[in-house]
Chemist: 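Have a look at this one.
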Number of protein chains: 2
Amino acid sequence: MAGKIALSPLAPERFPDLPVVDGVTFATVAAGVRYAGRTDLMLAKLVPGTAIAGVFTRSSTRSAPVLDCQNKVGLEPYSGAAILVNSGNANAFTGKHGVESVAAIAEAVATTCGVPPERVFTSSTGVIGEPLPHDRVIAKLAELDAAQDAGGIADAARAIMTTDTYPKGAVQTVEVGGQTVTIAGIAKGSGMIAPDMATMLVYIFTDAKIAQDNLQAIVSSAADYTFNCITVDSDTSTSDSLLMAATGASGVDVTGDSTFADAVHTLMQDLAFQVVRDGEGATKFVEITVSGADTAVNAKIHAMAIANSPLVKTAIAGQDPNWGRVVMAIGKSGAPADRDLLSIRFGDVVVAENGWVSPSYSEADAAAHMKGEEINISVDLGLGEAVATVWTCDLTHAYIDINADYRS
Amino acid sequence: MAGKIALSPLAPERFPDLPVVDGVTFATVAAGVRYAGRTDLMLAKLVPGTAIAGVFTRSSTRSAPVLDCQNKVGLEPYSGAAILVNSGNANAFTGKHGVESVAAIAEAVATTCGVPPERVFTSSTGVIGEPLPHDRVIAKLAELDAAQDAGGIADAARAIMTTDTYPKGAVQTVEVGGQTVTIAGIAKGSGMIAPDMATMLVYIFTDAKIAQDNLQAIVSSAADYTFNCITVDSDTSTSDSLLMAATGASGVDVTGDSTFADAVHTLMQDLAFQVVRDGEGATKFVEITVSGADTAVNAKIHAMAIANSPLVKTAIAGQDPNWGRVVMAIGKSGAPADRDLLSIRFGDVVVAENGWVSPSYSEADAAAHMKGEEINISVDLGLGEAVATVWTCDLTHAYIDINADYRS
């Protein structure tokens, strides 16, 4: 599908140079899961002792591979591990057959890679409701095992794409106790993206050594402020998964180190922004901050109501500083707000204060801000001290084009 | 604005013949509220004894006229009354100035029409955040009073339009104790439409005699199953108002009569469907029924999650029987669902049973249903006995066209 859709105007200039992360290797192949000749299968192998943490969609209709991963991420890292991802078929809403496919693949990967089946993590992304032809996946495992390459992460980023218009990658290096650890991650996602979820498919690798529990805590917290704060269309995938693997191959123990946790947060934000920038049909990257709320939860409810409003998103597409629609979105969110205490800014332009248009408001200044590629909308509720920031994109004709055609 | 937007392909063939309702008269005029030369002001006068009930937006940023109406609908019908509606300016998010405008208009209408100010109900629809030029409204009151016409309801329906592509009206007659009462209603609305609200602007008139409390109970209940079950874009207006006036001029007392209540429900559903059929950019009218839920509230949460999903709505626009997106929407709704108990139908075509594609499923049959102008999606959750039905339209390029331009 990707070939039919124009590159997002918000795409980064190039895919970053992702370094080798000691302890993990990659290979990709075209398995014909849905389309012939398209690279659609990725196998990552991880050395014994690798800690693996994850966050997943909270959809009540989540897929068989997601349920399987959730059962496995808590285990202690006593052995090697493998991550297998296919695109083209989500193995979602496939009933008992879906569960059997996951089990069959996990057994086959375990045998091929010499790891226990409970250390095999699988993800599937693509069409919903069609049986996953798992024999085609299993038939390629020996080839994937033989082709493992420490430098294969960029190819892995491409293999997991569906409607994405560009591959997504990010890197961080951190000094801990005078030694360097590396964190590299890849992600896919451009539609069916909403928060209250892990999000999309995201795989992050580090050579740091870290206790399983601490890794999970870092991943869960960072996801809450990054992937769980983005939305393209308010729709939530049945397959969203984020896995982070710490191989320990550097020998540097980062357990409890805040610099490492900060770097993970930064890297996740980088990848999350890349997902928004590839939002289906996006032409604007939009940051929405709601401050002055009574609680952080309510700040986020307001921010997401603005971010998910079709009327706000179409106004941004039309470069219209339509702050009335921001007022509307706050009003409908269900969280507390006092109309007469609201203040609203577009970029640095104060639009409204004390519940009405600011005396200093210049429509020309606001319109100038809306012409940019990066839009900032700030709302202060005047009720308390809590703040939330979320990120989204505009709603354009291209979103309709992509989604009235593509079978997801 | 209406002239720039093509007539909805789902529009009715013609505006219905609305009969005179004894006890109410109408007049309209071009007051230049926002655009010169456009009929934008409507005054309805009601005889002494008219009972008036209402339901209103629950937006926390609701407009000054809405707050004013809410304070007035509970009063006993001791005198005549008036309803004044302007389009072009919503008098919303206009702070203290907005409150003053409402008070000034109510006083002037009261003086002109010889009714107490607390029996003057005003609504404003149009742009948000700009001061309402209430002097222009007040300047036209004498003219409106002089031009009152019992047959003016069709003109009134046109005067309250904004982005609507056609005026909306409906009529019911009911036999009560061998005597006939008439109910006639008008509505406006095509965007910024979502439930958990009264909805849009709706005015319903009857010559029946009815106790104030009973009228309010009938109106509230009927709105819950009609206007509160429609959605165009999940966005909620700051101005939604529904007023129903019972003049009593027929002398027929319908207090406690279920035939009358049923007729009000039928008429509200008729108007609500007309609003959906004029949904911005709509090409399909969509009915979504969720059955087998544990509670009616949860059935409606699921139904609205499907109705508001951009991915479901774009698939319908593309005539794609994409039931995977229906599964996704159920999964994200937050209400209880068991993936493996779901069954889904598109029209009469059984798509999925027991959590997977039905053995009898024919994509060709489902695709044939999707080509129609009226789409039915039914989901059975298999959890209980509760049911909810909601109505929406598809999401098309025209929605983007209308909303990336129009300043609401």
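Order of the sequence lines sets the chain letters (A, B, ...), proteins ahead of strands, with each chain counted from 1.
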Chemist: May I ask you to check whether Glu353(A) and Ser343(A) show a side-chain donor-acceptor distance below 3.5 Å?
Modeler: no
Chemist: Looking at every non-hydrogen atom in both residues, tell me the closest pair between Trp356(B) and Phe93(A) and how far apart they are.
Modeler: CD1-O, 2.8 Å
Chemist: Relative to the ring of His134(B), is the ring of His97(B) parallel (under 30°), tilted (30 to 60°) or perpendicular (over 60°)?
Modeler: tilted
Chemist: Find the one option among Asp338(B), Val357(B), Leu342(B) whose heavy-atom pairs under 4.5 Å with chain A are most numerous.
Modeler: Leu342(B)
Chemist: Which atom names give the shortest non-hydrogen contact between Ser63(A) and Ala90(A), and what distance separates them?
Modeler: CB-O, 3.9 Å
Chemist: With a 4.5 angstrom heavy-atom cut-off, which part of Ser333(B) approaches chain A: side chain, backbone, both or neither?
Modeler: neither
Chemist: Taking His302(B) for its side chain and Val297(B) for its backbone only, find out whether a donor-acceptor pair lies under 3.5 Å.
Modeler: no
Chemist: So what's closer than 4.5 Å to chain B heavy atoms on Leu341(A): side chain, backbone, both or neither?
Modeler: neither
Chemist: Counting only non-hydrogen atoms closer than 4.5 Å, does Pro131(B) touch chain A with its backbone (N, CA, C, O), its side chain (CB onward), both, or neither?
Modeler: both
Chemist: Out of Ala337(A), Gly98(A), Ala317(A), Ala352(A), return the one with the most heavy atom pairs under 4.5 angstrom to chain B.
Modeler: Ala337(A)
Chemist: As an exercise: rank Thr396(A), Asp340(A), Asp394(A), Asn354(A) by heavy-atom pairs under 4.5 Å with chain B and give me the winner.
Modeler: Thr396(A)
